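I have placed the structure first, in the form of structure tokens, so that the comments after it can refer back to it.
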Amino acid sequence: GAGVSQSPSNKVTEKGKDVELRCDPISGHTALYWYRQSLGQGLEFLIYFQGNSAPDKSGLPSDRFSAERTGGSVSTLTIQRTQQEDSAVYLCASSSPTGAKNEQYFGPGTRLTVT
Amino acid sequence: AQKVTQAQTEISVVEKEDVTLDCVYETRDTTYYLFWYKQPPSGELVFLIRRNSFDEQNEISGRYSWNFQKSTSSFNFTITASQVVDSAVYFCALSEAGRRALTFGSGTRLQVQP
């Protein structure tokens with residue numbers, strides 16, 4: 001079946017603008033994660049959604065970052081007033097309902113460049 | 001707090017050599033999961049293996065094998081008879097039972113020369 005998809009694949013924005021990044025998880029996967037990968041910080045967790053439970057937002061670096069998941073499927077990560085340090089590849093992952101195993105499958109990522 | 005250390009930043013081998021990628025982890029939980037992911041030049045993270053903390057059996061999948069040792073908090077990954085297509089960055093990761101987020105190591109870049 002289809003894997004995790006993300007859009008756009010690349011985004012260039014000016015400092016101070018807001019951006020929205022989209023993730024479509026694997027069908028039937030109830031858990032959805034956002035991570036980012038940057039040269040300086042490596043791979044770091046941002047936020048996690050599981051079904052109707054309150055999301056784990058412990059990895060969000062500032063209040064400029066937010067995410068929502070509508071209908072238990074598609075998720076949008078929003079970065080307000082972007083800064084140059086937000087430049088990174090934003091990765092989305094999902095895992096199945098038998099989630100004790102926590103095998104996360106990743107999308108291709110969105111490369112964000114803030115100029 | 002959990003931590004994953006991949007001390008090898010970059011490894012270069014010649015095709016058909018065996019290579020071992022090291023991973024050392026720290027966690028206070030008794031129940032946790034360890035993972036290896038491959039990130040080829042195309043960029044997409046590919047899941048390779050998951051191991052839970054109660055299962056110390058080593059695993060072999062084709063040319064890949066994994067050695068999990070709780071006594072040394074290590075989960076090493078060996079590629080036998082390496083091939084050029086194995087060239088990638090390999091990440092080791094940990095998740096604790098109570099927190100599903102993955103904590104990644106810094107990755108090891110493997111270059112397999114023909």
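Numbered from 1 within each chain, the chains take letters A, B, ... in sequence-line order. Side-chain atoms are counted along with the backbone in the values below, which use heavy atoms only and exclude waters and symmetry mates. In this text the structure is predicted, and so the values were computed from the model without any measurement.
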request  = Please check if B:Leu21 and B:Phe35 belong to a single hydrophobic cluster, counting links between Ile, Leu, Val, Met, Phe, Trp and Tyr side chain heavy atoms closer than 4.5 Å.
outcome  = no
ask   = Between A:Ile47 and chain B, which part of the residue has a heavy atom less than 4.5 Å away: side chain, backbone, both or neither?
value = neither
ask   = In terms of heavy-atom pairs under 4.5 Å, which option from A:Gly107, A:Gly59, A:Ala93, A:Gly42 contacts chain B the most?
value = A:Gly107
ask   = Do B:Tyr37 side-chain atoms and A:Tyr105 backbone N/O form a donor-acceptor pair below 3.5 Å?
value = no
inquiry  = Same cluster or not: B:Trp66 versus B:Ile79, using hydrophobic residues (I, L, V, M, F, W, Y) connected whenever any side-chain heavy atoms lie under 4.5 Å apart?
reply    = yes
request  = Measure the spacing between CZ of B:Arg50 and CD of A:Gln104 and express it to the nearest 0.5 Å.
outcome  = 12.0 Å
ask   = Just how far is it from atom OH of A:Tyr48 to atom CG of B:Leu102, taken to the nearest 0.5 Å?
value = 11.0 Å
message = For the CZ atom on A:Arg111, are there more than 12 heavy atoms of other groups (residues, nucleotides or ligands in this structure) within a distance under 6.0 Å?
response = no
Distance (rounded to the nearest 0.5 Å) between B:Ile49 CD1 and A:Glu103 CD = 9.5 Å
ask   = Quick one: do A:Ile79 and A:Trp34 end up in the same hydrophobic cluster if we chain Ile, Leu, Val, Met, Phe, Trp and Tyr together by side-chain heavy atoms under 4.5 Å apart?
value = yes
query = Do the side chains of A:Phe45 and B:Arg100 get nearer than 4.5 Å, heavy atoms only?
reply = no
key: From CD (A:Gln37) to CZ (B:Phe104), nearest 0.5 Å   = 8.5 Å
task = State yes or no: do B:Leu48 and A:Ile26 share one hydrophobic cluster built from I, L, V, M, F, W and Y residues joined by side-chain heavy-atom distances below 4.5 Å, directly or via other members?
result = no
ask   = What about B:Tyr33 and B:Val4, same hydrophobic cluster or not, with Ile/Leu/Val/Met/Phe/Trp/Tyr joined at side-chain heavy-atom distances under 4.5 Å?
value = no
query = How about B:Glu10: does its CD atom have over 12 heavy atoms from other parts shown lying under 6.0 Å from it?
reply = yes
request  = Kindly indicate, with the supporting measurements, whether the criterion side-chain contact (heavy atoms from CB on, under 4.5 Å) is fulfilled by B:Leu45 and A:Leu43.
outcome  = CA-CA 11 Å; B:Leu45 277 165; A:Leu43 268 160; 4.1 Å; yes
